[in-house]
Visitor: 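First the structure, then my questions, so here it is.
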Amino acid sequence: MTSAPQSSSLDPEIAARLKRSADGLVPAIAQQYDTGEVLMLGWMDDEALHRTLTTGRCTYWSRSRREYWVKGDTSGHFQHVKSVALDCDADTVLVKVDQIGAACHTGARTCFDADVLLKDGLLKDGADSSTAASDQ
């Protein structure tokens, strides 16, 4: 198990509302604040969310390295936080950011460009998704 640390300075009222995974994490979607472009998905525990809220820079919990990381500290591709919101179930965080440089570790602007499965109603193989769905 890759559980995140338990102690945190997160506001107790916010912490009480969060619905976390068994590992104590919530998915955090980073979105470009002015265009709506979805940039990446990371994971936050209470402390990462606290740091994000108080520093104005996105802090995530690395499940593989088991440590906190601040977007841009090593790459120079910073995420300056503009707003943070919980979804209606309080199990996902939406962080609207001003992304400087690439958001994806591959060097791409977004993590969601490389493997598009459906675009403009067409599946990756060119089939119409509405036709494919009605065939089942």
Side-chain angles (χ1 to χ4, degrees):
M1 182 179 267
T2 59
S3 294
Q6 296 301 310
S7 65
S8 171
S9 301
L10 183 63
D11 179 326
E13 290 183 20
I14 296 172
R17 293 166 47 203
L18 288 176
K19 294 180 185 166
R20 301 161 194 80
S21 69
D23 292 340
L25 302 171
V26 294
I29 301 166
Q31 180 181 39
Q32 179 64 34
Y33 82 100
D34 54 353
T35 65
E37 178 182 31
V38 177
L39 300 168
M40 61 172 278
L41 175 111
W43 294 91
M44 291 184 180
D45 67 353
D46 289 16
E47 182 60 21
L49 180 56
H50 167 72
R51 293 179 188 187
T52 298
L53 292 169
T54 58
T55 66
R57 295 192 41 219
C58 282
T59 300
Y60 299 99
W61 173 255
S62 171
R63 296 176 301 164
S64 59
R65 295 187 315 268
R66 299 191 35 75
E67 65 184 16
Y68 295 104
W69 59 279
V70 178
K71 185 67 177 169
D73 273 359
T74 57
S75 67
H77 300 159
F78 298 101
Q79 291 178 338
H80 299 287
V81 177
K82 298 294 187 177
S83 69
V84 179
L86 292 176
D87 76 336
C88 58
D89 296 320
D91 63 1
T92 303
V93 175
L94 176 63
V95 186
K96 292 189 178 183
V97 302
D98 187 11
Q99 177 69 47
I100 307 301
C104 188
H105 71 280
T106 65
R109 168 78 180 160
T110 169
C111 294
F112 297 99
D113 281 346
D115 197 7
V116 177
L117 304 177
L118 179 73
K119 184 171 182 173
D120 298 327
L122 297 177
L123 296 172
K124 192 173 184 177
D125 64 5
D128 184 319
S129 65
S130 61
T131 305
S134 65
D135 290 343
Q136 296 178 11

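Numbers here simply count residues along the sequence, with the first being 1. Quick caveat, the model's predicted, so the values are computed rather than measured. Just the heavy atoms: all of them, side chains too, but no hydrogens, waters or symmetry mates, feed the values below.
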Visitor: Quick check on side chain to side chain contact (heavy atoms under 4.5 Å, CB included): which of L41, D87, L39 does I29 satisfy it with?
Guide: L41
Visitor: Return the set of residues passing side-chain contact (heavy atoms from CB on, under 4.5 Å) with H77 (not counting sequence neighbours), or none when no residue passes.
Guide: S75, Q99, A102
Visitor: With the 4.5 Å side-chain cut-off for hydrophobic clustering, are V81 and F78 part of the same group?
Guide: no
Visitor: Do T52 and M44 come close enough that some side-chain heavy atom pair is under 4.5 Å?
Guide: yes
Visitor: Kindly give the heavy-atom pair with the smallest separation between Q31 and G36, and that separation in Å.
Guide: NE2-O, 2.9 Å
Visitor: Answer yes or no: is there a side-chain heavy-atom contact under 4.5 Å between I14 and L49?
Guide: yes
Visitor: Count the heavy atoms belonging to other residues, nucleotides or ligands that lie under 6.0 Å from CG of D89, then report whether that count exceeds 12.
Guide: yes
Visitor: To check you understand the geometry: which heavy-atom pair defines the closest contact between M40 and C111, and what is its length?
Guide: CB-SG, 3.7 Å
Visitor: Do L94 and Y33 sit in one hydrophobic cluster, given that two such residues count as connected whenever their side-chain heavy atoms are within less than 4.5 Å of each other, even indirectly?
Guide: no
Visitor: Between atom NE2 of H50 and atom OG of S9, what is the distance when rounded to the nearest 0.5 Å?
Guide: 4.0 Å
Visitor: Find the distance between CG (D113) and OG1 (T106) and round it off to the nearest 0.5 Å.
Guide: 9.0 Å
Visitor: Are L86 and W43 grouped together when hydrophobic residues (ILVMFWY) are joined by side-chain heavy atoms under 4.5 angstrom apart?
Guide: no
Visitor: Using only atom types and a distance under 3.5 Å, with no angle test, would you say the side chain of T59 pairs donor to acceptor with the backbone of V70?
Guide: no
Visitor: Under 4.0 Å between a side-chain nitrogen and a carboxylate oxygen: does that hold for E47 and R51?
Guide: yes
Visitor: Mind checking the CZ-CG spacing from R20 to D91? Nearest 0.5 Å is all I need.
Guide: 11.5 Å
Visitor: Between atom CG of L117 and atom CG of L122, what is the distance when rounded to the nearest 0.5 Å?
Guide: 13.0 Å
Visitor: K82 and D34: side chain to side chain contact (heavy atoms under 4.5 Å, CB included), yes or no, with the steps?
Guide: CA-CA 10 Å; K82 298 294 187 177; D34 54 353; over 6 Å; no
Visitor: Rounded at 0.5 Å granularity, tell me how far OG1 in T54 sits from CG in D11.
Guide: 11.5 Å
Visitor: Check for me, please, whether F112 and V97 land in the same ILVMFWY cluster - side-chain distances under 4.5 Å, paths through other members count.
Guide: no
Visitor: Which heavy atom in R65 sits nearest to a heavy atom in E67, and how many Å separate them?
Guide: NE-OE2, 3.1 Å
Visitor: Could you walk me through whether Y68 and D45 pass the side chain to side chain contact (heavy atoms under 4.5 Å, CB included) test, one step at a time?
Guide: CA-CA 9 Å; Y68 295 104; D45 67 353; 2.7 Å; yes
Visitor: Applying side chain to side chain contact (heavy atoms under 4.5 Å, CB included) to L10 and L18, what does each step give before you reach the verdict?
Guide: CA-CA 11 Å; L10 183 63; L18 288 176; 3.9 Å; yes
Visitor: Are Y60 and W69 close enough that their ring centers fall under 6.0 Å?
Guide: yes
Visitor: Taking atom NE2 of H80 and atom NZ of K71, what is their separation to the nearest 0.5 Å?
Guide: 12.0 Å
Visitor: Please walk me through it: do E37 and T110 pass side chain to side chain contact (heavy atoms under 4.5 Å, CB included)?
Guide: CA-CA 8 Å; E37 178 182 31; T110 169; 4.0 Å; yes
Visitor: Which heavy-atom pair separates D98 from Q32 by the least distance, and what is that distance?
Guide: OD1-NE2, 3.4 Å
Visitor: Using every non-hydrogen atom in the two residues, find where D46 and A15 come nearest and quote the distance to one decimal.
Guide: OD2-CB, 3.7 Å
